[in-house]
Asks: 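Quick one: this structure, given as structure tokens, is what I'll be asking you about.
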There are 2 protein chains.
Amino acid sequence: MKRSLGPRALLYPAPVVVVGSYDATGKANAMTAAWAGVACSQPPCITVSIRRSRHSHAAILERRAFTVNLASQDQVRQVDYLGIASGAAEDKFAAAGLTARRAATVDAPAVEEFPLVLECRLLSATDLGVHTLFVGEVLEAQADEAVLGAGGLPDITLLRPLLYAPGQGAYYEVGPRVASAFSVGRGIGGA
Amino acid sequence: MKRSLGPRALLYPAPVVVVGSYDATGKANAMTAAWAGVACSQPPCITVSIRRSRHSHAAILERRAFTVNLASQDQVRQVDYLGIASGAAEDKFAAAGLTARRAATVDAPAVEEFPLVLECRLLSATDLGVHTLFVGEVLEAQADEAVLGAGGLPDITLLRPLLYAPGQGAYYEVGPRVASAFSVGRGIGGA
């Protein structure tokens with residue numbers, strides 16, 4: 001017997017992403033968000049949801065572009081700051097001691113110090129309520145060599161991304177490997 | 001200097017969700033997906049992306065409803081099985097020893113043995129490529145008492161959800177708490 005919690009978007013865990021954009025004056029901005037996910041493998045698409053009140057909201061609509069940057073857990077102070085402060089009021093890159101580098105394929109800034117960036121072309125923006133759902137096509141992914149695993153792609157244990165727990169107001173780190181996917185479930189039913 | 005990885009949706013970590021639906025014959029089905037995320041806080045909405053070839057794809061469109069169930073890491077074998085097998089070919093609930101319980105608010109089955117379920121009304125379905133992006137409004141969340149924290153909401157350390165690392169084909173667990181959100185970044189800039 002489960003307990004009713006009412007209508008709540010309690011999905012665990014949420015990723016912690018830093019969204020980069022240029023505003024109308026050309027100033028680079030970065031804001032932290034946790035409402036994000038992969039939307040399609042081919043073409044590669046991701047979603048990120050942003051409140052209309054955020055400075056980045058208009059910027060993404062105007063430039064039709066954004067970056068999604070993933071920080072390491074060692075960068076948690078900077079990540080949290082980028083979620084608290086507003087780019088309308090201050091130069092967040094400068095305040096956090098971060099470098100804005102123009103993305104290779106889209107009109108948006110990447111956070112140079114963060115180990116992974118996804119450069120996104122805006123495909124759609126849908127107002128759902130307090131958040132607008134942005135869908136972006138990833139035109140290019142770039143990562144620091146230090147976080148790449150044997151296969152040439154990022155290794156989550158080297159990347160050490162932050163997780164966010166909705167409703168708890170806390171960041172967590174990635175724990176140990178549990179099992180191989182598309183493997184550990186074989187032997188059940190016809191699998 | 002970062003290395004180019006080409007166009008790839010490398011977002012870490014992805015959550016591991018089990019999507020419940022009834023097919024045209026009324027048979028309950030459950031499939032595992034990792035392309036999912038929160039889309040809006042109010043009204044509470046989530047996204048989940050599913051390939052057109054999956055049995056659940058047509059079922060969700062027909063009933064305009066689905067559930068998103070979160071398992072504990074101890075249930076990883078069942079979760080992985082639900083991602084490998086097809087509901088077109090077998091009764092996955094029965095094969096995995098799981099119980100389909102009709103959701104309280106939508107026409108879709110919940111997985112009774114999994115600790116958390118989000119009952120969703122389909123808001124939209126958008127074909128992006130190999131995946132269709134489903135946006136659902138969460139009409140009701142329900143959880144086992146055992147995973148609830150002090151505030152009456154799930155505690156991620158009690159829920160112990162699985163994470164998925166894109167490109168690595170592996171599940172991970174949630175690690176230790178890193179810091180408080182909206183707090184650890186204060187003191188930088190004007191925050």
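For the numbers below, each heavy atom of this structure counts, side chains included, while hydrogens, waters and symmetry mates do not. Letters A, B, ... are given to chains in the order of the sequence lines, protein chains preceding strands, and every chain is numbered from 1.
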Asks: Is it the case that the side chain of B:Asp80 and the backbone of A:Phe182 share a donor-acceptor pair, with hydrogens and angles ignored and the cut-off at 3.5 Å?
Replies: yes
Asks: To the nearest 0.5 angstrom, please state how far the CG atom of A:Leu11 sits from the CG atom of B:Leu116.
Replies: 8.5 Å
Asks: Under the 3.5 angstrom rule, does the side chain of B:Arg3 hit a backbone N or O of A:Ala143 as a donor-acceptor pair?
Replies: no
Asks: Any link between A:Phe134 and A:Val19 through a network of hydrophobic side chains (Ile, Leu, Val, Met, Phe, Trp, Tyr) touching at under 4.5 Å?
Replies: yes
Asks: Give, for atom OG of B:Ser183 and atom OH of A:Tyr81, the distance between the pair rounded to the nearest 0.5 Å.
Replies: 15.5 Å
Asks: Pick one of side chain, backbone, both or neither for B:Glu119, based on which atoms fall under 4.5 Å of a heavy atom in chain A.
Replies: neither
Asks: Which region of A:Leu162, side chain (C-beta onward) or backbone (N, CA, C, O), has a non-hydrogen atom less than 4.5 Å from a non-hydrogen atom of chain B, or is it both or neither?
Replies: both
Asks: If you tally heavy-atom pairs under 4.5 Å against chain B, which of A:Gly6, A:Gly37, A:Ser49 wins?
Replies: A:Gly6
Asks: Sort A:Glu140 into side chain, backbone, both or neither according to what part of it lies under 4.5 angstrom from a heavy atom of chain B.
Replies: both
Asks: What are the two closest heavy atoms between B:Arg186 and A:Arg77, and how far apart are they?
Replies: O-NH2, 3.7 Å
Asks: Would you find a donor on one side and an acceptor on the other, under 3.5 Å apart, between the side chain of A:His131 and the backbone of B:Ala39?
Replies: no
Asks: Using non-hydrogen atoms only, which part of B:Gln168 is less than 4.5 Å away from chain A: side chain, backbone, both, or neither?
Replies: side chain
Asks: List the atom of B:Ala95, the atom of A:Gly189, and the distance in Å for their closest heavy-atom pair.
Replies: CB-CA, 3.8 Å
Asks: Which atom pair, heavy atoms only, marks the closest approach of B:Pro44 to A:Pro7?
Replies: CG-O, 3.4 Å
Asks: Which atom pair, heavy atoms only, marks the closest approach of A:Gly175 to B:Tyr172?
Replies: O-CD2, 3.5 Å
Asks: Using non-hydrogen atoms and a 4.5 Å limit, figure out which bit of B:Val17 sits close to chain A: side chain, backbone, both or neither.
Replies: side chain
Asks: Say you draw a straight line from CD1 of B:Ile46 to OG1 of A:Thr47; how long is it, rounded to the nearest 0.5 Å?
Replies: 11.0 Å
Asks: Find out whether B:Val117 and A:Lys2 are in side-chain contact, i.e. whether some heavy atom of one side chain is under 4.5 Å from a heavy atom of the other.
Replies: yes
Asks: Which bit of A:Ile156 is near chain B, if near means a heavy-atom gap under 4.5 Å: side chain, backbone, both or neither?
Replies: both
Asks: In terms of heavy-atom pairs under 4.5 Å, which option from A:Gly136, A:Ser124, A:Gly129 contacts chain B the most?
Replies: A:Gly129
Asks: Please state whether the side chain, the backbone, both or neither of B:Val147 comes within less than 4.5 Å of a heavy atom of chain A.
Replies: neither
Asks: Identify which part of A:Pro161 has an atom lying under 4.5 Å from any heavy atom of chain B, answering side chain, backbone, both or neither.
Replies: side chain
Asks: So which heavy atom on B:Arg8 is nearest to which on A:Leu118, and how close?
Replies: O-CD2, 3.7 Å
Asks: Can you find a pair of side-chain heavy atoms, one from B:Leu5 and one from A:Leu148, that are under 4.5 Å apart?
Replies: yes
Asks: At a heavy-atom separation under 4.5 Å, does A:Val68 approach chain B through its side chain, its backbone, both, or neither?
Replies: side chain
Asks: Of all the heavy-atom pairs spanning A:Tyr12 and B:Pro154, show the shortest one and how long it is.
Replies: OH-CB, 3.5 Å
Asks: Which residue out of B:Gly169, B:Ser41, B:Ser180 racks up the most heavy-atom pairs below 4.5 Å with chain A?
Replies: B:Ser41
Asks: For chain A, which candidate among B:Cys120, B:Ala9, B:Cys45 shows the most heavy-atom pairs at distances under 4.5 Å?
Replies: B:Ala9
Asks: At a 4.5 Å cut-off on heavy atoms, which part of B:Val135 comes close to chain A: side chain, backbone, both, or neither?
Replies: side chain
Asks: Can you tell which part of A:Leu10 gets under 4.5 Å to a heavy atom of chain B, answering side chain, backbone, both or neither?
Replies: both
Asks: Taking side chain as everything from C-beta outward and backbone as N, CA, C, O, which of these in B:Glu90 sits under 4.5 Å from a heavy atom of chain A? Side chain, backbone, both or neither.
Replies: side chain
Asks: Which value, rounded to the nearest 0.5 Å, describes the distance between B:Cys40 atom SG and A:Trp35 atom CH2?
Replies: 10.0 Å
Asks: Tell me, side chain or backbone of A:Asp155 under 4.5 Å from chain B's heavy atoms, or both, or neither?
Replies: both
Asks: What residue in A:Gly167, A:Gly149, A:Pro176 has the most heavy-atom pairs under 4.5 Å with chain B?
Replies: A:Pro176
Asks: Check whether B:Leu128 gets within reach of chain A through its side chain, its backbone, both or neither, counting any heavy atom under 4.5 Å.
Replies: both
Asks: Examine A:Phe93 and A:Val76 and state if one hydrophobic cluster contains both, with Ile, Leu, Val, Met, Phe, Trp and Tyr joined whenever side-chain heavy atoms are less than 4.5 Å apart.
Replies: yes
Asks: Rounded at 0.5 Å granularity, tell me how far CD1 in B:Ile84 sits from CD1 in A:Ile188.
Replies: 8.5 Å
